[in-house]
There are 2 protein chains.
Amino acid sequence: MTISRAAQAAGVGVETIRFYERRGLIKQPLKPRNGGFRSYHSDAVARIRFIRQAQEIGFSLREIEELLALEADPKADCGEVRGQAQLKRDEVRRKIIQLKRMERALDRLIATCPGSGALGACTILDGLAAPRTAKTRPITNGAHTKRAKKVHAMKTVTFTIEGMHCEACASTIRALLQTEPGVTGVDVSFARKKARVLFDPEIAREAAFRDKIAKAGYRALAEPQPK
Amino acid sequence: MTISRAAQAAGVGVETIRFYERRGLIKQPLKPRNGGFRSYHSDAVARIRFIRQAQEIGFSLREIEELLALEADPKADCGEVRGQAQLKRDEVRRKIIQLKRMERALDRLIATCPGSGALGACTILDGLAAPRTAKTRPITNGAHTKRAKKVHAMKTVTFTIEGMHCEACASTIRALLQTEPGVTGVDVSFARKKARVLFDPEIAREAAFRDKIAKAGYRALAEPQPK
DNA sequence: TTACACGCCGTACTATAGTACGGAGTCAAG
DNA sequence: CTTGACTCCGTACTATAGTACGGCGTGTAA
């Protein structure tokens with residue numbers, strides 16, 4: 001197999017193979033002494049494929065080099081390879097958590113940017129630049145904690161919303177309310193000009209909903225609550 | 001706050017701050033007209049921290065620039081900012097999907113790796129070198145192709161495996177066999193010391209299974225096939 | 001047999017994301 | 001008022017992961 005065939009088979013460019021050879025990731029086949037072109041074995045293709053896939057899951061060429069070195073080492077232990085993979089996985093997991101935080105921040109930003117009204121403080125910075133992740137509160141010793149899984153009495157409140165001019169506005173308000181802590185259900189109707197929120201009164205406050213809606217440029221009028 | 005204090009607070013080097021300034025990611029505070037050093041506000045620190053965290057989760061500086069642009073100019077047309085934010089959110093979602101894929105791939109590798117023992121049995125290296133998902137076969141034009149969706153006569157073969165000493169060994173063999181092209185089903189029982197493989201005889205060969213199992217350090221004895 | 005596509009090889013270039021360095025200016029403590 | 005730490009600024013260098021280019025040699029097919 002010529003280099004271009006091998007490149008094709010492995011799904012990379014010819015130059016990339018040469019680059020890997022230079023980097024020592026794959027060994028260059030010898031040129032036949034009677035002249036002619038180097039011949040690439042399908043093993044080389046497998047190796048290149050390995051490199052690419054390992055890269056895709058986040059390994060750098062240096063790390064891949066180490067992995068490949070382990071493979072070549074007859075007394076290497078499989079546990080080592082496994083350990084590398086675990087480290088990578090942890091890294092990936094951390095990244096996913098961060099990205100989710102960012103996604104939420106963007107959701108919030110999108111929600112608070114209704115297409116009209118002041119865009120107040122943007123929340124992307126808050127979303128990520130959170131060295132203060134309040135979640136990291138000290139873990140109290142289970143034996144001492146009194147707080148049993150409390151039965152929450154959920155509450156519903158309905159607002160009449162003024163200022164919505166399309167379905168998008170309703171979406172905005174929906175998204176906005178959903179980001180409030182303690183809120184478990186939201187139903188906003190553009191047609192009926194209503195927003196209904198199901199929430200835990202021990203966590204969320206009605207006033208916060210009104211504030212949030214007002215900040216987005218709408219007016220929320222609390223309805224007398226039936227019941 | 002001087003630049004070195006800001007750098008310290010943000011956890012980067014002084015040169016990095018200057019680099020971000022040059023790149024336009026953060027604006028350089030003005031030098032006091034009466035001479036002296038520039039003064040950095042804690043907002044700048046927050047911004048730098050944001051940049052770092054966004055980078056960590058896979059955003060390039062260019063992308064971060066765009067993210068930060070969302071936060072800046074509050075007088076920008078809100079609809080535009082919203083649109084940008086939505087694009088960014090989609091990007092974030094794509095990143096999450098990609099990372100989850102990586103995580104799953106790593107999980108698979110970790111799960112099937114016996115965790116100790118000779119590398120011959122390490123399925124990570126095998127798993128990564130596997131000719132990725134043959135799904136990318138060229139789509140032949142339906143009208144011209146003669147090859148109707150051939151009815152494959154699948155075949156089953158059962159081996160008696162010697163040398164398995166725990167369930168993990170069974171997993172290893174399972175994973176190993178699953179990577180073989182043409183294999184559509186694998187059932188390995190540690191208790192019964194058996195491996196059953198469902199495969200397409202036009203693609204896979206029984207000998208290849210035995211080889212692979214042997215390479216992993218087990219012995220596979222073909223059983224007489226009950227038709 | 002001759003064209004031309006490919007192979008070989010070295011060097012150079014790209015982008016991203018910093019780091020390092022050298023010289024001049026500035027501040028603040030001893 | 002000197003010294004040392006720090007700032008400022010531009011230029012240059014580093015690593016990673018390739019990609020491109022130019023000149024030459026070679027293999028194959030018309």
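Within every chain, numbering begins at 1; the chains are lettered A, B, ... in the order of the sequence lines, protein sequences first and strands thereafter. Every value quoted in this text rests on a predicted model; they were computed, and no experiment measured them.
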Spacing of A:Arg38 atom CZ relative to D:dT26 atom P, expressed in whole Å: 13 Å
B:Thr2 vs D:dT7: side-chain N/O to OP1/OP2 distance below 4.0 Å: yes
For atom CD1 of A:Ile3 and atom P of D:dT19, their distance in whole Å: 13 Å
Salt bridge flag under 4.0 Å for residues B:Arg101 and A:Glu56: no
Nearest-0.5 Å distance, CD1 of residue B:Ile26 to CZ of residue B:Phe50: 13.0 Å
Pairwise side-chain contact, A:Phe59 with A:Lys88, heavy-atom cut-off 4.5 Å (strictly under): yes
Reported CZ-to-CZ distance for the pair B:Arg22 and B:Arg18, which is rounded to 0.5 angstrom: 8.5 Å
Of all pairs that satisfy side chain to side chain donor-acceptor pair (under 3.5 Å), the ones with a partner from residues 28-39 of chain A, not counting sequence neighbours: A:Glu21-A:Gln28
d(CD, A:Gln8; P, C:dA5) in whole Å: 16 Å
Carboxylate-amine/guanidinium contact B:Asp43 B:Lys27, below 4.0 Å: no
Phosphate OP1/OP2 of D:dC9 contacted by B:Gln28 side-chain N/O (<4.0 Å): yes
Between CZ on residue A:Arg94 and CG on residue A:Asp90, distance to nearest 0.5 Å: 6.0 Å
Shorter than 3.5 Å, N or O on both sides, protein versus nucleotides 24-30 of chain C: list them out with atom names.
from: C:dC27; atom 1: OP1; to: B:Gly36; atom 2: N; distance (Å): 3.3

Residues in ring pair (Phe, Tyr, Trp, His ring centres under 6.0 Å) contact with A:Phe209, at least two apart in sequence or another chain: A:Phe199
Nearest-Å distance for atom pair CD1/C1', residues A:Ile26 and D:dG18: 14 Å
B:Leu61 side, atom CG; B:Phe19 side, atom CZ - distance, nearest 0.5 Å: 6.0 Å
Any donor-acceptor pair under 3.5 Å from B:Ser60 side chain to B:Glu63 backbone: yes
Distance below 4.0 Å between A:Lys31 side-chain N/O and C:dG7 OP1 or OP2: no
Any residue of residues 40-47 of chain A with a heavy atom less than 4.0 Å from an atom of DNA chain D: none
Exam field: side chain B:Arg49 to backbone B:Gly11, donor-acceptor pair closer than 3.5 Å: no
Point-to-point distance, once rounded to the nearest 0.5 Å, from CD1 of A:Ile48 to CD1 of A:Ile17: 3.5 Å
Side-chain touch B:Tyr40/B:Ile3, heavy atoms, less than 4.5 angstrom: yes
Residues, nucleotides or ligands: over 12 heavy atoms within 6.0 Å of A:Arg62 CZ: no
Hey, what are the protein-to-nucleotides 15-17 of chain C N/O distances that come in under 3.5 Å?
from: C:dA17; atom 1: OP1; to: B:Leu61; atom 2: N; distance (Å): 3.0
from: C:dA17; atom 1: OP2; to: B:Leu61; atom 2: N; distance (Å): 3.2

B:Ser4 side chain near D:dA5 phosphate (N/O to OP1/OP2, under 4.0 Å): no
B:Arg18 side chain near D:dC9 phosphate (N/O to OP1/OP2, under 4.0 Å): no
For atom CG of A:Leu30 and atom P of C:dC8, their distance in whole Å: 12 Å
Proximity to DNA chain D (any heavy atom under 4.0 Å), residues of residues 86-94 of chain A only: none
Residue mapping more 5' on DNA chain C - nearest nucleotide basis, B:Thr16 or A:Arg22: A:Arg22
Nucleotide C:dG18, atom P - distance to CD of B:Glu56 in whole Å: 11 Å
